[in-house]
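Remarks on the structure that follows.
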Amino acid sequence: MCGRFTLTRQEAIELADELGVPVESLADYRPRYNIAPTDQHWVVRKKYEDREVLPALWGLINSWAKDRKRAAAQINARVETLDTRSAFKEAFRKRRCLVPADGFFEWIGPKSARRPIWFHNPDGRLLMFAGLYEYWQPEPDIWERTFTIVTTDANKTVAEVHDRMPVILTGEQAEAWMYQDETDLEKLRKLLVPSAEDDLVGTPVSDRANSVKNDDPSVLVEVPTLL
DNA sequence: CCAGACGTTGTT
DNA sequence: GTCTGG
DNA sequence: CCAGACGTTGTT
DNA sequence: GTCTGG
């Protein structure tokens, strides 16, 4: 699955260039080493021929929700359920986005000693997760944008640790996913497959990643593998 | 029909 | 809002 | 995802 | 054990 991730680009301008959006839209950008459910992050969507990036909270809250309690349970959306579950159905048709990242964590070991593995591209390439977003109104006149990350079966690399992984899209796939007028859901679904095995490497890192309070470079310090 | 849910994940 | 369970 | 709380009442 | 918060 994907319950914690990173976006460590140091400067907003680097990220803006990679995303193809104006740097002004990344107001208050800061590098993140431990992005947790309910945190503010970013979603990228199509705007005519261009792209735009918008702030959004991680954990999908449907427009009809009475409170934000379910947000943490909807940080991920299974590919298998996108067009059957009422929580995702409409967003799958109308509100698809990309979620920029440069790594994600999976944990191994007993509950008393959970150890994080950081999966990232060997060349440090930006990862674009397939996402869905929604708008929710916590109180009159206030709208929040929230998002979820689509998950699929793990590829061979991730499968050593877990059986699920985020959908990672590149180039044309990413564009096709965001294309607003697309209504061929089967065509979209074909994009939602595990990424190539050599797309990611897993690095055991500090268990400081376990606590959401830790969000600094020390989280990603590599540690010896203890098998 | 109305009431109530609406979601994903995984360890000993 | 829309689907599922009773 | 993991960590940490898990409760009620009412006074400054 | 299970829910909430981040």
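Order of the sequence lines sets the chain letters (A, B, ...), proteins ahead of strands, with each chain counted from 1. Small disclaimer: the values here were computed from a predicted structure and weren't measured.
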Worksheet item: Reckon A:R164 has a side-chain N or O less than 4.0 Å from the OP1 or OP2 of B:dT9?
Response: yes
Discussion item. Checking side-chain polar atoms at under 3.5 Å, does A:T8 have a donor or acceptor matched by the opposite partner on A:D102?
Written reply: yes
Worksheet item: If each of A:V212 and A:K111 is mapped to the nucleotide of DNA chain E with the nearest heavy atom, which maps nearer the 5' terminus, i.e. the 5' end?
Response: A:K111
Discussion item. I want to verify a distance call: between B:dG7, D:dC2, B:dG10, whose nearest atom is closest to the A:R4 side chain?
Written reply: D:dC2
Discussion item. Side chain of A:W107 only, heavy atoms from C-beta on: which candidate in D:dC2, E:dG6, B:dG7 is closest?
Written reply: D:dC2
Worksheet item: Looking for any heavy atom pair under 4.0 Å, which part of the strands does A:A65 touch: base, sugar-phosphate only, or nothing?
Response: nothing
Practice prompt. Determine: side-chain N/O of A:K213 to OP1/OP2 of D:dG4, distance under 4.0 Å, yes or no.
Written response: yes
Worksheet item: Should E:dT4 form a Watson-Crick or G-U wobble pair with both distances under 3.5 Å, which nucleotide is its partner?
Response: D:dA3
Item to complete: Go through B:dG7, B:dC6, B:dT8 for me and flag the one nearest to the A:T151 side chain.
Response: B:dT8
Discussion item. For A:R78 and A:T151: C-alpha separation, side-chain torsions, deciding distance, then whether side chain to side chain donor-acceptor pair (under 3.5 Å) applies.
Written reply: CA-CA 5 Å; A:R78 295 173 59 88; A:T151 62; 5.6 Å; no
Response to the item:
Comparing nearest nucleotides in DNA chain B, the 5'-proximal residue of the pair A:C2, A:P110 is A:C2
Response to the item:
For B:dT8, the nucleotide meeting Watson-Crick or G-U wobble distances (both under 3.5 Å) is none
Practice prompt. Establish, with yes or no, whether the OP1 or OP2 oxygen of B:dT11 is under 4.0 angstrom from a side-chain nitrogen or oxygen of A:R114.
Written response: yes
Discussion item. Can a side-chain donor-acceptor contact be found between A:Y135 and A:R145 if the only test is distance below 3.5 angstrom?
Written reply: yes
Discussion item. Membership question, hydrophobic clusters at under 4.5 Å side-chain separation (ILVMFWY): are A:F129 and A:L188 in the same one?
Written reply: yes
Worksheet item: Any side-chain N or O of A:N210 less than 4.0 Å from the OP1 or OP2 oxygen of D:dA3?
Response: yes
Discussion item. Below the 4.0 Å mark, does B:dG7 have OP1 or OP2 next to a side-chain nitrogen or oxygen of A:R70?
Written reply: no
